[in-house]
Amino acid sequence: MTSPHQPIVIIGGGVIGSAIAYFLTFQQPGCDVIVVERDPTYARASSALSASSIRQQFSTDINIRISAYGIGFLRNAGSLLACGGDAPDIGLHEGGYLYLATHAGAATLRENHALQRQHGADVALLSPAQLAERFPWLALQDVALGSLGLSGEGWFDGYLLLTALRKKAQSQGVRYVADEAVGLDTVASDGVLHVNAVRLQSGAVLPGRYAVNAGGPWAAAIAGWAGIDLPVVGKRRTVFHMASPAALPGCPLVIDTSGIWLRPEGQGYLCGFAPSPESDADFAPLEPEYAAFEDRIWPTLAGRIPGFEALRMQGAWAGYYEMNTFDHNAIVGLHPACDNLVFANGFSGHGLQQCPAVGRGLAELMLTGRYQTLDLSPLSIERIGRNAPLLEKNVI
């Protein structure tokens with residue numbers, strides 16, 4: 001069996017794994033933490049390929065509370081993650097999210113708004129007339145209602161957040177190992193599995209008191225080493241970089257009624273979309289879906305924003321959502337079948353904004369035996385066994 005003096009081994013050094021490592025060594029200086037990351041360049045990491053945004057406009061208590069904690073952390077990232085007097089600037093811009101709804105979706109926006117306001121989220125419902133006054137560049141012929149985040153929502157540089165968390169964690173003593181985890185050494189007692197060590201491709205074996213699955217889109221394979229079925233797959237998402245001569249004063253991150261999203265980026269714009277279910281294959285090659293721009297993106301955005309008739313694609317990239325196919329929400333904490341394998345998976349596109357709260361919560365769980373700052377138990381993997389999905393209406 002493992003010893004309390006052994007390290008905590010985190011499989012995956014992206015933003016989730018690095019946030020957990022940071023909080024472990026922040027809350028308990030001297031805590032022995034090893035992060036195993038197979039690609040230190042992060043070339044295929046979701047953390048580096050994300051559009052990097054944060055919102056309060058969720059429809060479940062836990063997601064709203066996670067984001068409330070997250071925005072506080074991001075606002076103070078410069079001081080919290082400073083190393084040797086060097087304070088990182090993650091470029092947080094609280095430009096807000098704007099959800100547009102037709103008559104069919106207006107009731108859901110109102111229900112979500114009531115819950116968001118209960119949690120203190122700074123969100124306003126806007127009529128078509130109010131939308132036209134605030135955003136005169138929008139075409140609103142089919143829009144019945146809008147929901148706008150006035151503060152606490154926006155976008156930032158996700159790769160800078162990742163590198164800042166990693167650098168700060170290392171300054172607190174965390175060791176990053178450039179290797180690939182290939183298996184777990186386990187032992188069973190009274191029907192409960194215990195992880196003794198993590199095995200690496202190099203042949204090294206890392207004993208640990210906890211093993212943390214922060215494997216992103218590839219998390220299901222790690223869970224499988226312990227005989228646990230984890231419903232997480234990689235789903236390709238393309239982000240387009242666009243240019244337009246049209247000026248959109250005060251442009252927030254807009255979620256169109258079609259599901260296409262758009263936000264400013266420098267002198268241009270970023271946008272993306274969710275593929276149809278029949279074309280959304282697991283682990284599709286990370287090649288951008290260029291054809292979707294002409295076929296779907298440009299016609300839709302030109303209809304919503306008349307100034308975008310001259311919209312031009314400047315470039316595109318693709319990355320994976322680590323999609324929880326059960327209910328599109330994070331899977332966090334211990335599994336009842338294994339007493340020391342910790343899950344931090346299935347964020348379904350929300351990992352960057354949820355990493356502060358999840359990192360802190362899992363550090364508390366491993367160091368003290370329970371969540372303290374924020375109870376993350378609604379995200380437990382046990383809900384899958386109970387077939388009790390956590391339904392989130394605001395999925396992009």
message: Test side chain to side chain contact (heavy atoms under 4.5 Å, CB included) on L81 and K167; report intermediate values, then the result.
response: CA-CA 8 Å; L81 302 179; K167 184 177 179 181; over 6 Å; no
query: Could you walk me through whether H335 and L230 pass the side chain to side chain contact (heavy atoms under 4.5 Å, CB included) check?
result: CA-CA 11 Å; H335 190 285; L230 187 68; over 6 Å; no
task: Give the intermediate values and the outcome of side chain to side chain contact (heavy atoms under 4.5 Å, CB included) for residues L125 and R110.
output: CA-CA 8 Å; L125 292 180; R110 291 191 179 94; 4.0 Å; yes
message: Please determine whether side chain to side chain contact (heavy atoms under 4.5 Å, CB included) holds for the pair N213 and I11, giving the CA-CA distance in whole Å, both sets of side-chain angles, and the decisive distance to 0.1 Å.
response: CA-CA 5 Å; N213 182 352; I11 304 171; 5.6 Å; no
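Atom CD in Q314 sits 10.0 Å away from atom CZ in R312 (nearest 0.5 Å). Note that CG of L160 is 12.5 Å distant from OG of S47, once rounded to the nearest 0.5 Å. Here CD of Q170 is found 10.5 Å from OG1 of T25. Values are rounded to the nearest 0.5 Å. Rounded to the nearest 0.5 Å, atoms CZ (R370) and CD (E364) are 8.5 Å apart. Expressed to the nearest 0.5 Å, how far CG of N340 lies from CG of N196 amounts to 7.5 Å. Put simply, OH on Y97 and CG on L253 are 5.0 Å apart, with the number rounded to the nearest 0.5 Å.
Of the listed residues (Q353, H350, Q57), just one forms a side-chain hydrogen bond (donor to acceptor under 3.5 Å, both in side chains) with S67, and that residue is Q353. Screening D229, I331, D327, L390 against I384 for a side-chain contact (heavy atoms from CB on, under 4.5 Å) leaves a single residue, I331.
Taking the six-membered ring for Trp and thresholds of 30 and 60 degrees, Y320 and W218 have ring planes more than 60 degrees apart, a perpendicular arrangement. Below 30°, between 30° and 60°, or above 60°: for Y22 and F73 the angle between ring planes is above 60°, a perpendicular geometry.
Partners of Y269 according to the ring-ring contact (aromatic ring centres under 6.0 Å, His included) rule, which considers only residues two or more places apart in sequence or in another chain, are F308.
Counting non-hydrogen atoms of other residues, nucleotides and ligands closer than 6.0 Å to CD of E309 gives a total of 12 or fewer. In this structure, Q141 places its CD atom where more than 12 heavy-atom neighbours from other residues, nucleotides or ligands lie under 6.0 Å away. Heavy-atom neighbours of Y69 OH from other residues, nucleotides or ligands within 6.0 Å: above the threshold of 12.
Hydrophobic clustering, defined by side-chain heavy atoms of Ile, Leu, Val, Met, Phe, Trp and Tyr closer than 4.5 Å, groups I64 together with F58, L115.
Checking E322 against S46 by side-chain atom types alone, no donor-acceptor pair falls below 3.5 Å. A donor atom on one side chain and an acceptor atom on the other are found under 3.5 Å apart for E392 and T60. Checking R296 against S258 by side-chain atom types alone, no donor-acceptor pair falls below 3.5 Å.
Remark: the backbone N or O of A281 is not paired with any side-chain donor or acceptor of R236 at under 3.5 angstrom. A side-chain donor-acceptor contact under 3.5 Å links Y42 to the backbone of G13. Under a 3.5 Å cut-off, the side chain of N324 and the backbone N or O of N329 do form a donor-acceptor pair. The closest donor-acceptor contact from the side chain of R117 to the backbone of A121 lies under 3.5 Å.
Taking 4.0 Å as the cut-off between side-chain N and carboxylate O, D179 and R38 do not count as a salt-bridged pair. With salt bridges taken as basic N to acidic carboxylate O contacts below 4.0 Å, one links R237 and D280.
Judged as a ring pair (Phe, Tyr, Trp, His ring centres under 6.0 Å), the pairs with a partner in residues 108-151 (not counting sequence neighbours) are, in order, F135-W137.
Both tests hold for R166 against Y176: distance to the six-membered ring centre under 6.0 Å, angle to the ring axis within 45°.
At a threshold of 4.5 Å between non-hydrogen side-chain atoms, the residues Q6 and D32 do not count as touching. Looking at heavy atoms from C-beta onward, L100 lies in side-chain contact with L131 at the 4.5 angstrom threshold. Residues I66 and L376 are in side-chain contact: their nearest non-hydrogen atoms beyond the backbone lie under 4.5 Å apart.
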